[in-house]
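Side-chain atoms are counted along with the backbone in the values below, which use heavy atoms only and exclude waters and symmetry mates. Whatever order the structure lists ligands and atoms in, that order sets their numbers, starting from 1.
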Amino acid sequence: MTDLMEARVPDIGSDAGVPVIELLVKVGDTVRKDQGLVTLESDKATMEVPSPFAGTVRELLVKVGDEINTGALVAMIESADAVAAAPAVATAAAPAPAPAKPAVVEPPAAAVAAAPPVSAVASPAAVAPRLAEADVSPASALPYASPAVRVFARELGVDLARVTGSERGGRISKLDVQAHVKAMLAGGAASRAGANEGGLQLIAWPQVDFGKFGDIESRPRSRINKISGANLARNWAMIPHITQFEEADITEMESFRKKLGEEHKDVKITPLVFLIKAVVAALKKFPTFNSSLDGDNLVLKKYFHIGIAVDTPEGLMVPVLRDCDRKGLLELSTELAAISAKAREKKLGPNDMQGGCFSISSLGGIGGTAFTPIINAPEVAILGVSKSQMKPVWNGSEFAPRLMLPLSLSYDHRVIDGVAGARFATYLAQLLSDLRRLLV
Ligand code: CAO
């Protein structure tokens, strides 16, 4: 006889619905008594809903983002006794139980982390969160840590999959996370400065009673904002950035774009897709821009997946357009429209945001003349695009009105030297000025 039992939310001391932020198990997983099934995060605390008994998860009745209360039904668990007693044939037909270890599924939002491309100088409303593979651990390599430790790690931008747990069963403690951060900072600082004094020597963040000076309102930061902030801080602190500025004469490109738009009224063709094609051509010519640091190795990628910063009501997301080398302007335009709509409707999944080689952050539809985008680790470069302007340009005999597009290329100086940075930016501008070069 099947012995299915209910796992419900214990008394969480609040009548307000509390959002589910993580599913810690999946259907088919074997769980121990008191093992966390899902994580809830209220304004004040993060807590796990424990399994009231040992067994196998047969049904999960909540998903990330659901708001649930005390007593809500979270999962149906088949008790361990029933599983053990079941005949072999029935066991085979049932979902294969996972090994008895906690399985933590990082939710998409938790992955909104890696390196939001954001202007450090003239940023729009702050942060460009980014889903990165570093933060979307495959279920098979999921970290074993308490919710408090996971929150702690997220706030610091630490990928728990990279932390070695020192506690029983490999469980990761807060101290393990701290040790990992110290090691990372020591490594980053050393590789930046060529010194080995170890870690950033920072003074404490100022604690100010702002209310003493006038009226204030305190608003909770969004989850995406908190996660991306930690990643931004890491990328800014650990990557030695250089930003190279350039201008591309896009007068001809614009008239071609307009013509194309008239011929294909069903799809919106903006300058961004031309930039994607030009970036791909430049990545082919300068392969170190399509790489990632991996310890003593540089991993050079043979594929061309481009991340695009998309402004959404929740914050900035960076979905990835895949295989941009194999797609034309129309296909890229259609995909760009689809993926930005998906981002704005909060429907992006981790897969939509993984595997990027290089990111583009376009503020061209808004304005500005230049900005310094922050590299989206583990990528090594990012292109910021500002608004094109008609300018008088000297053509050797007179000033001619030309439409000039400002480009801001930030790159990781550990991987790319200044000459390569300038060459990449100049080549990009040449391609945009004369699209025929894309065929060469
Ligand atoms: N110069 C002048 N005009 C530009 C331009 C540029 N560089 N880039 C786009 N435009 C124009 C477009 O042609 C369009 O004009 P029409 O409406 O007349 O056709 C208008 O600006 C709006 O474009 P868009 O923003 O809707 O489309 P896009 O393809 O340029 O960008 C997307 C798409 C998803 C990137 C954009 O909507 C977005 O979210 N941008 C914000 C990105 C961001 O926040 N980056 C982070 C900055 S901090 O790191």
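Counting the atoms of ligand 1 from 1 in the order shown, those under 4.0 Å from a heavy atom of K268 are 17 (O), 19 (O), 26 (O). Atoms of ligand 1 found under 4.0 Å from any heavy atom of S361, numbered from 1 in the order shown, are 45 (N), 46 (C), 47 (C), 48 (S), 49 (O). Annotation for ligand 1: atoms under 4.0 Å from non-hydrogen atoms of L405 are 7 (N). For ligand 1, the atoms closer than 4.0 angstrom to any heavy atom of S388 are 1 (N), 2 (C), 6 (C). Every atom of ligand 1 is numbered from 1 in the order shown, and the set under 4.0 Å from a heavy atom of R257 is 13 (O). Taking every heavy atom of L363 and a limit of under 4.0 angstrom, the matching atoms of ligand 1 come to 43 (C), 44 (O), 45 (N), 47 (C).
Just one residue in the list I239, I242, D417, I382 forms a side chain to side chain contact (heavy atoms under 4.5 Å, CB included) with Y411, and that residue is I242.
For R423, the CZ atom is loosely surrounded, since the number of other residues' heavy atoms within 6.0 Å does not exceed 12. Around atom NZ of K284, more than 12 heavy atoms belonging to other residues, nucleotides or ligands sit under 6.0 Å away.
At a heavy-atom cutoff of 4.0 Å, ligand 1 is contacted by the side chain of P271 but not by its backbone. Under 4.0 Å from ligand 1, not a single heavy atom of M317 appears. Contact annotation: for L272 versus ligand 1, heavy atoms closer than 4.0 Å belong to the side chain alone. Contacts between I366 and ligand 1, counted as non-hydrogen atom pairs separated by less than 4.0 Å, are absent for every part of the residue. Residue contacts with ligand 1 for R344 involve side-chain atoms from C-beta outward but no N, CA, C or O (heavy atoms, distance under 4.0 Å). Contact annotation: for L336 versus ligand 1, heavy atoms closer than 4.0 Å belong to the side chain alone.
In terms of polar-atom proximity, defined here as any N/O pair under 3.5 Å, S340 makes no such contact with ligand 1. Looking at K387 next to ligand 1, no N or O pair under 3.5 Å apart turns up.
Inspection of the T243 and S410 side chains reveals an N or O donor paired with an N or O acceptor under 3.5 Å.
When all heavy atoms are compared, the tightest approach of L383 to P373 is C-CG, 4.4 Å. In plain terms, the two heavy atoms of A425 and E246 that are nearest each other are O-CG, 3.5 Å.
The closest approach between a heavy atom of S386 and any atom of ligand 1 is below 4.0 Å. Distances shorter than 4.0 angstrom occur between a heavy atom of S362 and an atom of ligand 1. No heavy atom of M404 sits closer than 4.0 Å to any atom of ligand 1.
Pairs engaging residues 390-399 under the side-chain hydrogen bond (donor to acceptor under 3.5 Å, both in side chains) rule: E247-K391, N395-S397 [sequence neighbours left out].
Stacking of K285 on the aromatic ring of F424 is not recorded, the 6.0 Å distance cut-off and the 45° axial limit not both being met.
Remark: the backbone N or O of G17 is paired with a side-chain donor or acceptor of N69 at under 3.5 angstrom.
Listed by chain and residue number, nothing satisfies the side-chain hydrogen bond (donor to acceptor under 3.5 Å, both in side chains) test with N290 (two or more places apart in sequence, or in another chain).
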Would you check, one step at a time, whether the test side chain to side chain contact (heavy atoms under 4.5 Å, CB included) holds for V208 with F213?
CA-CA 10 Å; V208 179; F213 306 107; 3.8 Å; yes
